Amino acid sequence: MTNIKPGIITEKELVELFGSQSQKKSFYEKGRLAGSYRTALFKKLNKYCNIKDLKKKKDGENLYKITDVYKYPLPANYDKMQKSIYKYIVPLILNSLINGHDKNNSIEITVGKWAREINMINHNYNLVKHNREDTSKEVQIRLDTINEFYDKADHMINWYISNALDYLKSAGLIIWREVNQVTIEESDNKSIIDCDGNVEVNINLRTHQASKEEMEYYSQCIAIADKEANIENAGERYYSKKAKRFQEVLKRELYKRKIKCVYGAYEAYYVHLDKCQALLNHFDDINSEKLIDNFNKEFSDMIIKNAGERFEKNALKYLYNDKNEYQLSFESLCEITIDHNTEYLGRRIREKNNDDNYNLQINHN
């Protein structure tokens, strides 16, 4: 549609220039464009330009004003990108690609870490996740509820990020894939002993894409941990009383090869950087405090709403007097782990390192 130009245009001119045969036929039969024909025409036009109804007439014709013609048409799935929390995640991915890509035109998205960086969750999210029993006692929320909260929240974070990547891929702007990363502990084999007898060793952490052999070893470690912790399904590894034992054994087995952790990530590569920037310009300012507040609120509201809808079918129902009490527990957890204005709870809850790539416990004196 290269013949679109800024300026005032009548409805008849719009139909003649851009309408389909069926839209033209309907217009001349009724003297105006109405119903689905009008909706379809303006949906098409809105991909190419910003057009406003002036609510005025000239010689009986409705008048419109084209104020901006886009260098690149909006993708067909643009409306999907503007729904739900995609209107926050999509521009944040675009911004990361535009301003943070490496020499290979790519970024790596480690879900937990990236979700914190974009304020989807806050600095308490992993703290609570790895100290659930302590948190349960501190905030008086049942451990089973905390386990279920993380089961659902983790799934939602992955779901929305992967779908957002798919939207951008379908629009022809990026390509992406899931990868497994492994972090290895390495020392320089040099040690220093001070006058008090303390030994200092230089330890470095190196992260790289996991090889097939490393993934085979990882699966063997999981099998050993499953057996020793008596794990019967995948969920028990992370959301049951057996989880602590499972994690201890897995950590022990991995460390036999100095592996600190294995984790999943997304690699995204831009195809057209200029088109990514053009699309980003159609979204609200991603750095505004208001946007972050709205992002937090919408994500929290979704978790709480889903909890309410799930209540009647949930096995935890017998633990609560009613749905409202159950939802209040999820509301409290959202406030603690998602709201970016919430204070850090590291002084109240036994603290662990929040780096996704390194499992190190820190005890404060």
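None of these values were measured; they are calculated from a predicted model.
In this model, a donor atom of one side chain and an acceptor atom of the other lie less than 3.5 Å apart for Tyr78 and Gln82. Side-chain contact annotation: Glu253 with Gln220, donor-acceptor N/O pair under 3.5 Å absent. Asn50 and Thr67 share a donor-acceptor pair across their side chains, judged by distance under 3.5 Å alone. A donor-acceptor contact closer than 3.5 angstrom is absent between the side chains of Tyr167 and Asn77. For the residue pair Ser329/Thr145, the side-chain donor-acceptor check at 3.5 Å is not satisfied. Side chains of His340 and Asn296: a donor-acceptor N/O pair is present below 3.5 angstrom, by distance only. Counted by atom type alone, Asn131 and Thr135 present zero donor-acceptor pairs between their side chains at under 3.5 Å. Side chains of Thr10 and Glu13: a donor-acceptor N/O pair is present below 3.5 angstrom, by distance only.
The distance from the OG atom of Ser162 to the CD1 atom of Ile89 is 9.5 Å, given to the nearest 0.5 Å. Here the OG1 atom belonging to Thr39 is positioned 9.5 Å from the NZ atom belonging to Lys43, to the nearest 0.5 angstrom. With rounding to the nearest 0.5 Å, the separation of OH in Tyr64 from CG in Asp53 is 4.5 Å. If you take CG on Leu250 and CZ on Arg245, they are separated by 11.5 Å, rounding to the nearest 0.5 Å. Expressed to the nearest 0.5 Å, how far CG of Asn341 lies from CD of Glu335 amounts to 10.0 Å.
At distances below 3.5 Å, not a single donor-acceptor pair connects side-chain atoms of Ser26 with backbone N or O atoms of Ser22. Side-chain atoms of Asn104 never come within 3.5 Å of backbone atoms of Ser106 as a donor-acceptor pair (strictly under, hydrogens ignored). Using a distance-only test at 3.5 Å, with no hydrogens or angles considered, a donor-acceptor pair links the side chain of Lys242 to the main chain of Asn230. With hydrogens and angles ignored, the 3.5 Å screen pairs no side-chain donor or acceptor of Asn306 with any backbone N or O of Glu309.
The aromatic rings of Tyr160 and Tyr86 are tilted relative to each other, their planes meeting at an angle between 30° and 60°. Note: His123 and Tyr344 have tilted aromatic rings, judged against thresholds of 30 and 60 degrees for the angle between ring planes. In this pair, Tyr125 and Phe149 present their aromatic rings tilted. The plane angle is within the 30 to 60° band.
Salt-bridge annotation for Asp284 and Lys290: absent, with no side-chain N of the basic residue lying under 4.0 Å from a carboxylate O of the acidic one. Remark: Glu298 engages Lys87 in a salt bridge, criterion side-chain N to carboxylate O under 4.0 Å.
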Derivation of the side-chain hydrogen bond (donor to acceptor under 3.5 Å, both in side chains) call for Glu108 and Tyr266: CA-CA 6 Å; Glu108 179 185 285; Tyr266 301 121; over 6 Å; no
Derivation of the ring pair (Phe, Tyr, Trp, His ring centres under 6.0 Å) call for Tyr70 and His282: CA-CA 10 Å; Tyr70 308 142; His282 288 277; 4.6 Å; yes
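In summary, of the residues considered (Asn147, Val128, Leu143), a side chain to side chain contact (heavy atoms under 4.5 Å, CB included) with Ser136 occurs for Leu143 alone.
Under the 6.0 Å cut-off for aromatic ring centres, Tyr72 and His272 do not qualify, their centroids lying 6.0 Å or more apart. Taking the ring centroids of Phe311 and Tyr326, they lie under the 6.0 Å cut-off.
In this structure, Lys80 places its NZ atom where only 12 or fewer heavy-atom neighbours from other residues, nucleotides or ligands lie under 6.0 Å away.
Cation-pi geometry between Arg38 and Phe42 is met: the NZ or CZ atom falls under 6.0 Å from the ring centre, inside 45° of the normal.
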